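Note that the numbering runs from 1 along the sequence shown for the chain. Note that this is a predicted model, so its numbers are computed, not measured.
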Amino acid sequence: MIVKETRIKISSGHKALAAHVLRGEKNEAILVREGSEYWLKDWVKEAKREGLTYGLRHIAFNPEPAMSDNELSEFADRICEELKADKASRALILHQKDGKRHGHLILPEWQHNHVLSSRFSYMRLEKVARLEEIRLGHPLTAGRHDTAIANALHKEGKHREAQLVEVLIPDGAPLPRAAYTSQARRMTERQALDLPALKKEIAALWQRSGEKLPAFRRLLQEKGLVMREGDRSTTRPGAHIIETADGTLIGSFTRLTKIRMKDFRALLMQEALPAEEPHPVCPVAARACRLSPLSARPPRVLPPDAMIIPLRRGPRSRPTVTSLHQTKNLNPGFAHYLIDWKKEVTRCEQIIRQNPLSLYGPVPTRDQVFQNILREIRPLRIKLKKAKETLDLAHQEREAAYASLLGGLTGRRHKADEAFEKALLILTEILRYLIETLLYLFGLRATPPHPLTLPVPTARERDLENYYDQKKKYISVLLDKERTLALLRTLYQKSMAQRKEEQKNAETAYKPTLEAAQNRLHHLRQLPGLHKDLDKTTRKALFRAQHTGQLEQALKILQTYALKTDQLQNKFFKPETEATTRQKPAPNPQTNRRPSVTPSPF
């Protein structure tokens with residue numbers, strides 16, 4: 001049985017894993033035994049809230065002989081017992097491929113109050129797999145950690161199983177190693193490419209080309225592949241990558257062909273040198289015909305090694321209209337430019353469509369919040385009630401000891417004081433933990449409360465009585481259900497106000513990103529239809545950038561042209577405004593008089 005473990009970071013999210021285990025297209029059947037996609041999303045949010053790096057633990061197990069669904073589920077139970085994970089908080093999905101079933105177990109990294117154990121997890125999972133194979137009578141699978149597994153089984157007292165595992169340990173032979181990581185395999189499957197076959201084919205093409213770059217480029221083009229300069233040209237100058245026509249990356253040229261970077265730069269310089277072309281020799285008779293009869297010279301005899309190239313009278317090639325969706329028929333640079341343009345447009349549209357408030361999830365109702373919190377604090381309220389009863393009994397015993405005449409002589413008062421002091425400290429400690437838990441559950445406290453420290457160290461009686469008088473109000477509130485609900489309403493209102501403030505800050509922080517995406521999308525959508533409005537020089541520069549695959553250069557040319565157009569308009573309108581201002585005469589009180597209201601007799 002092969003068992004593989006992968007830890008999913010919270011930055012990666014749950015969507016890729018959910019798409020693989022819940023909607024895998026290559027599977028004949030998918031059986032969801034436990035869990036759902038909403039569980040995975042919730043576990044990632046919990047890990048993010050706790051400040052963890054990893055959010056999910058994906059464990060895939062594939063038995064060689066066929067196993068039933070119940071046997072696979074029991075094996076998942078044994079994995080949870082080994083890692084000390086909660087069986088109620090897990091997702092178990094069974095896949096059927098080629099008539100055989102294998103399982104996918106997904107566990108949350110945050111297990112209610114601690115992080116899931118990852119210490120020697122690869123060895124521990126292989127140990128569970130070997131024990132399961134021995135229990136079911138399956139052939140044992142050799143692994144890298146058989147020596148450590150055998151030693152661990154001896155320590156646990158399972159000597160028979162340890163002897164069976166020791167047989168698998170190789171004598172001096174190299175340890176088995178996986179050919180590819182699970183991440184690389186998943187990426188290759190999502191891209192619908194056979195990565196090992198492509199690497200072998202590229203190495204064979206390099207041998208066929210005789211280690212010549214022009215011939216190698218032609219062979220790649222015949223296979224639908226493109227070699228171009230990498231995107232990190234500033235940090236790695238000269239590095240080239242090989243990708244498919246639709247822009248799917250295969251790998252670096254030097255890694256695929258095992259060529260040193262120094263030798264590859266020499267090949268690039270050799271490719272850049274101009275090829276030596278033969279010089280065509282013009283016939284002497286034709287040259288003599290163009291001259292005048294007086295200056296014509298007798299024709300000279302051509303040397304035997306002279307090369308005469310005939311004129312090409314073939315039909316002229318006419319330009320064809322190619323669809324922009326068929327990138328394989330386009331220039332490789334222009335195809336790469338179109339792919340970058342589509343990716344940028346998609347990215348900007350996603351930023352515009354997304355809603356930052358979706359990270360907070362749906363707003364829970366007040367009754368749901370109260371029910372969940374009352375269920376969480378029920379054990380603490382029971383402890384608080386028992387502590388209050390113990391304190392009342394200690395208080396009664398203390399009063400009886402002080403009322404007794406011989407209480408001071410027999411030491412009864414001292415013992416009663418100590419019992420009362422301990423009961424009071426225990427009550428205040430439980431009260432402190434309960435209040436901090438309420439604040440943490442409502443999100444008004446960033447860190448979880450410190451665990452209970454019982455028994456509490458004693459202090460002076462006066463300080464304890466003052467502390468008890470200060471906290472008496474909270475004790476009475478939390479012991480009364482109606483008053484507890486009133487306190488929960490106040491905390492709920494504060495948490496909702498804090499939530500609205502966080503949402504407002506998120507919208508304010510998101511606004512510059514939204515405006516930048518809208519502005520960039522406006523420029524990107526102007527690129528396809530702006531060619532006829534440009535001048536000749538700008539149009540040539542834009543076409544050159546498009547055919548060499550430089551999207552950012554094309555955008556920069558468009559911005560420069562727009563800026564130049566705005567400056568010309570400003571220069572055109574400025575003299576007219578100044579002339580209009582200069583021609584306006586100043587007001588003259590002698591000439592500009594108000595017309596008389598009385599009509600003139602003339």
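The salt bridge (Lys or Arg N to Asp or Glu O under 4.0 Å) contacts involving residues 368-383 comprise nothing, where partners must be two or more places apart or lie in separate chains. Within the structure, salt bridge (Lys or Arg N to Asp or Glu O under 4.0 Å) pairs that include any residue of residues 155-170 comprise K127-E156, E156-K158 (at least two apart or interchain). Pairs passing the ring pair (Phe, Tyr, Trp, His ring centres under 6.0 Å) check and including a residue from residues 131-154, sequence neighbours excluded, read H154-H159. For residues 106-119, every residue pair satisfying the salt bridge (Lys or Arg N to Asp or Glu O under 4.0 Å) rule, not counting sequence neighbours, is listed here: R7-E109, R57-E109.
With D263 contributing its side chain and I259 its backbone, the two residues share no donor-acceptor pair below 3.5 Å.
Among residues two or more places apart in sequence or in another chain, the ring-ring contact (aromatic ring centres under 6.0 Å, His included) test is passed with H14 by none. Not counting sequence neighbours, D480 has no partner by the salt bridge (charged side-chain N to carboxylate O under 4.0 Å, His left out) test. Applying the ring-ring contact (aromatic ring centres under 6.0 Å, His included) test to W206 and every residue at least two apart in sequence or in another chain returns F216, F253. Scored by the side-chain hydrogen bond (donor to acceptor under 3.5 Å, both in side chains) test, H112 finds D86 as partners (sequence neighbours excluded). For the ring-ring contact (aromatic ring centres under 6.0 Å, His included) test, no residue two or more places apart in sequence or in another chain qualifies with F442. Under the rule for a salt bridge (charged side-chain N to carboxylate O under 4.0 Å, His left out), D42 has no partner lying at least two apart in sequence or in another chain. Partners of Y433 by ring-ring contact (aromatic ring centres under 6.0 Å, His included), not counting sequence neighbours: none found. In terms of the salt bridge (charged side-chain N to carboxylate O under 4.0 Å, His left out) criterion, residue partners of R445 (sequence neighbours excluded) are, by chain and number, E436.
The shortest heavy-atom contact between L205 and L219 is O-CD1, 3.6 Å. Nearest approach of G13 to I8, heavy atoms of both residues: O-CG2, 3.5 Å. The nearest pair of heavy atoms linking V477 to T484 is O-OG1, 2.8 Å. Nearest heavy-atom pair across L52 and I10 is O-CD1, 3.1 Å. Between L153 and A162, the shortest heavy-atom contact is CB-CB, 3.7 Å. Minimum interatomic distance between L116 and L83 (heavy atoms only, all atoms of both residues): CD1-O, 3.6 Å.
Salt-bridge check for E132 with R135: passed, with a basic side-chain N closer than 4.0 Å to an acidic carboxylate O. The pair E34-K87 does not count as a salt bridge, with every side-chain nitrogen at least 4.0 angstrom from each carboxylate oxygen. A salt bridge is defined here as a Lys NZ or Arg NE, NH1 or NH2 lying under 4.0 Å from an Asp or Glu carboxylate O, and K343 with D340 fails to meet this definition. Salt bridge annotation for E126-K4: absent, with no cationic side-chain nitrogen under 4.0 angstrom from a carboxylate oxygen.
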Could you please spell out the steps behind the salt bridge (charged side-chain N to carboxylate O under 4.0 Å, His left out) verdict for E397 and K415?
CA-CA 10 Å; E397 179 64 23; K415 292 180 180 179; over 6 Å; no
What do the steps show when you test L17 against H58 for side chain to side chain contact (heavy atoms under 4.5 Å, CB included), and what is the final call?
CA-CA 8 Å; L17 180 60; H58 176 210; 3.6 Å; yes
After noting the C-alpha distance and the side-chain angles of E429 and R432, does the key distance pass the salt bridge (charged side-chain N to carboxylate O under 4.0 Å, His left out) rule?
CA-CA 5 Å; E429 177 66 14; R432 187 271 309 169; 2.3 Å; yes
Would E133 and R130 count as a salt bridge (charged side-chain N to carboxylate O under 4.0 Å, His left out) here? Give the steps.
CA-CA 5 Å; E133 290 170 348; R130 298 296 88 78; 3.1 Å; yes
Go through the steps to decide whether R347 and E344 satisfy the test salt bridge (charged side-chain N to carboxylate O under 4.0 Å, His left out), and finish with yes or no.
CA-CA 5 Å; R347 185 183 66 84; E344 285 295 315; 3.2 Å; yes
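If you check the side chains of S117 and R124, you find a donor sitting under 3.5 Å from an acceptor. For the residue pair H95/R101, the side-chain donor-acceptor check at 3.5 Å is not satisfied.
The aromatic rings of F61 and F75 sit perpendicular, their planes meeting at an angle over 60°, well past the 30° parallel limit.
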